[in-house]
Chemist: 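Take a look at this one; I'll ask things after.
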Protein chains: 2
Amino acid sequence: MTNESLIFKKFLARRDLRFTPERKAILEAVFDTHRHFDADEMVELLHKQGKKISRATVYRTLDLLVKGGLIRAMELGEARKVYEHIIGHKHHDHLICTGCGRIIEFDDGLIELLQQKVCDRLNFQAETHSLRMFGRCENCR
Amino acid sequence: MTNESLIFKKFLARRDLRFTPERKAILEAVFDTHRHFDADEMVELLHKQGKKISRATVYRTLDLLVKGGLIRAMELGEARKVYEHIIGHKHHDHLICTGCGRIIEFDDGLIELLQQKVCDRLNFQAETHSLRMFGRCENCR
DNA sequence: ACTCAATCTGAGATTGAGTCTCAATTAAAA
DNA sequence: TTTTAATTGAGACTCAATCTCAGATTGAGT
Ligand SMILES: [Mn+2]
Ligand SMILES: [Mn+2]
Ligand SMILES: [Zn+2]
Ligand SMILES: [Zn+2]
């Protein structure tokens, strides 16, 4: 039993929800994928694996995974929301190339610290944040 | 003639576009409003002022104002895109209260500097950025 | 194992912000 | 004034996301 399965099960149990075969399959596919993906890509991926899980169920389960803190949703500039799994990966933010769509991840502890200071100064209790920089990657200058 | 009118006119002229009465009315309404607003709120506001300008024209003109660098679009967590005017206001980012929806603006030069350093390190040429922190304001803890 | 209330799923309908179409209108250059 | 291109508005359209609801599944209690 993987770490993420245990966490998801616990999250579901706490809310009287069930760890169904569909939710299990989606969880596994999400944690097998080490990329940013959107909901319909996940539907597609599951179908390719022979798992016939409906769009509605995938959307609903991704929401549960976000609520449970197992994955993170973000807008990377396009219309569709994309997801990535969180557990076992440390926090990072994104550079988004408007030329080729490339996503570069970065992590800067000092920026995070200063963000916290801003929140302290303004009496704000931050739960999440999103820092995105849009521009041109080295291939697209 | 206001500063923003001159800038918008110049932008339009450069692209062989026209400074129509509709575009003028939208520009004025946008710069009269010192709040974050979304496109349909702007349609509504103009209608209240007796200006019958179509939804399509408002959407199209807001896009032009963004392209011209007069206003800025952002996602503050809700479904709809919101706008604010830029000219005469210095850059800032946002704290977004998930309790009451309150938006707090802040500006931190050191964070901005460090963002630049991240881009330099990764050979990325940033054109814009968006830093949002979601959480609870002092009234909603 | 059986019952039963609660949860879950899937197919398809619905929503809604944003975009597009196109015919009629308007701007402005010649 | 003529001519050409841009503009507008009404409403159709798109499409990610959400909702509906009937039938299926789960699991606690017996
Ligand atoms: Mn990432
Ligand atoms: Mn603002
Ligand atoms: Zn690129
Ligand atoms: Zn609040």
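So you know, we letter chains A, B, ... as the sequences are listed, proteins then strands, and number each from 1.
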Chemist: Give the rounded distance in Å between these two atoms: NZ of B:K81 and P of D:dA16.
Modeler: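 Taking NZ of B:K81 and P of D:dA16, I get 16 Å after rounding.
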Chemist: Measure the acute angle between the ring planes of B:F8 and B:F19, then classify it against the limits of 30° and 60° as parallel, tilted or perpendicular.
Modeler: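 Ring orientation, 0 to 90° scale: perpendicular.
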Chemist: Between protein and nucleotides 22-30 of chain D, map the contacts as a letter string: B base, S sugar-phosphate only, - none, heavy atoms under 4.0 Å, written 5' to 3'.
Modeler: ---BB----
Chemist: With nearest nucleotides of DNA chain C determined for A:R15 and B:D38 from heavy-atom distances, which residue corresponds to the more 5′ nucleotide?
Modeler: A:R15
Chemist: Answer whether the closest heavy-atom distance between the side chains of A:D93 and A:M133 falls below 4.5 Å.
Modeler: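 No - every pair of side-chain heavy atoms lies 4.5 Å or more apart.
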Chemist: Does a salt bridge link B:D40 with B:R80, judged by any charged N lying under 4.0 Å from a carboxylate O?
Modeler: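 Salt bridge: yes.
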Chemist: With sequence neighbours excluded, what pairs up with A:R35 under the salt bridge (charged side-chain N to carboxylate O under 4.0 Å, His left out) test?
Modeler: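 For A:R35, no residue satisfies salt bridge (charged side-chain N to carboxylate O under 4.0 Å, His left out) once neighbours in sequence are set aside.
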Chemist: Are A:L27 and A:R23 side-chain neighbours, meaning at least one heavy-atom pair lies under 4.5 Å?
Modeler: no
Chemist: Using atom NE2 of B:H47 as one end and atom P of D:dG9 as the other, report the distance to the nearest whole Å.
Modeler: 8 Å
Chemist: Consider side-chain hydrogen bond (donor to acceptor under 3.5 Å, both in side chains). Of B:E84, B:R72, B:E41, which one does B:H36 pass it with?
Modeler: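 Result for side-chain hydrogen bond (donor to acceptor under 3.5 Å, both in side chains) with B:H36: B:E84.
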Chemist: Give the residues of residues 52-64 of chain A touching DNA chain C, defined as any heavy atom closer than 4.0 Å, sorted by residue number.
Modeler: A:K52, A:I53, A:S54, A:A56, A:T57, A:R60
Chemist: Side-chain contact test, heavy atoms from C-beta onward, threshold under 4.5 Å: evaluate it for A:L46 versus A:V58 and give yes or no.
Modeler: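 The answer is yes; the side chains approach within 4.5 Å.
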Chemist: Nearest whole angstrom, please: distance from the C1' of D:dC15 to the CD of A:E41.
Modeler: 15 Å
Chemist: Hydrophobic clusters join Ile, Leu, Val, Met, Phe, Trp and Tyr when side-chain heavy atoms are under 4.5 Å apart, directly or via other members; which others share one with A:Y59?
Modeler: none
Chemist: Could you tell me the separation between the CD atom of A:E75 and the P atom of D:dA16, rounded to a whole number of Å?
Modeler: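 Rounded to the whole Å, the gap is 15 Å.
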Chemist: Any salt bridge between A:K51 and A:E28, counting N to O under 4.0 Å?
Modeler: no
Chemist: Sequence neighbours left out, what passes side chain to side chain contact (heavy atoms under 4.5 Å, CB included) with B:A73? Give chain and number order.
Modeler: B:V66, B:K81, B:Y83
Chemist: Whole Å only: how far is the CD atom of B:E78 from the P atom of C:dG18?
Modeler: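 Going from B:E78 (CD) to C:dG18 (P), I get 12 Å.
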Chemist: In whole angstrom, give the distance that lies between atom CD of A:E44 and atom P of D:dC15.
Modeler: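 After rounding, the reported distance stands at 16 Å.
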Chemist: What nucleic acid atoms does B:D16 come within less than 4.0 Å of, heavy atoms only: base, sugar-phosphate, or nothing?
Modeler: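 Sugar-phosphate only.
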Chemist: What is the distance from CG of A:D40 to P of D:dT18, rounded to the nearest Å?
Modeler: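 Value for this atom pair: 11 Å.
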Chemist: Nearest whole angstrom, please: distance from the C1' of D:dA6 to the CG of B:L12.
Modeler: 11 Å
Chemist: Among B:K90, B:H89, B:H94, which residue meets the side chain to side chain contact (heavy atoms under 4.5 Å, CB included) test with B:H92?
Modeler: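 Running side chain to side chain contact (heavy atoms under 4.5 Å, CB included) over B:K90, B:H89, B:H94 with B:H92 returns exactly one hit, B:H94.
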Chemist: Can you give the dot-bracket line for DNA chain D, using ( ) for pairs inside the strand, [ ] for pairs that cross earlier ones, | for pairs with another strand and . for unpaired bases, where Watson-Crick and G-U count if both distances are under 3.5 Å?
Modeler: ||||||||||||||||||||||||||||||
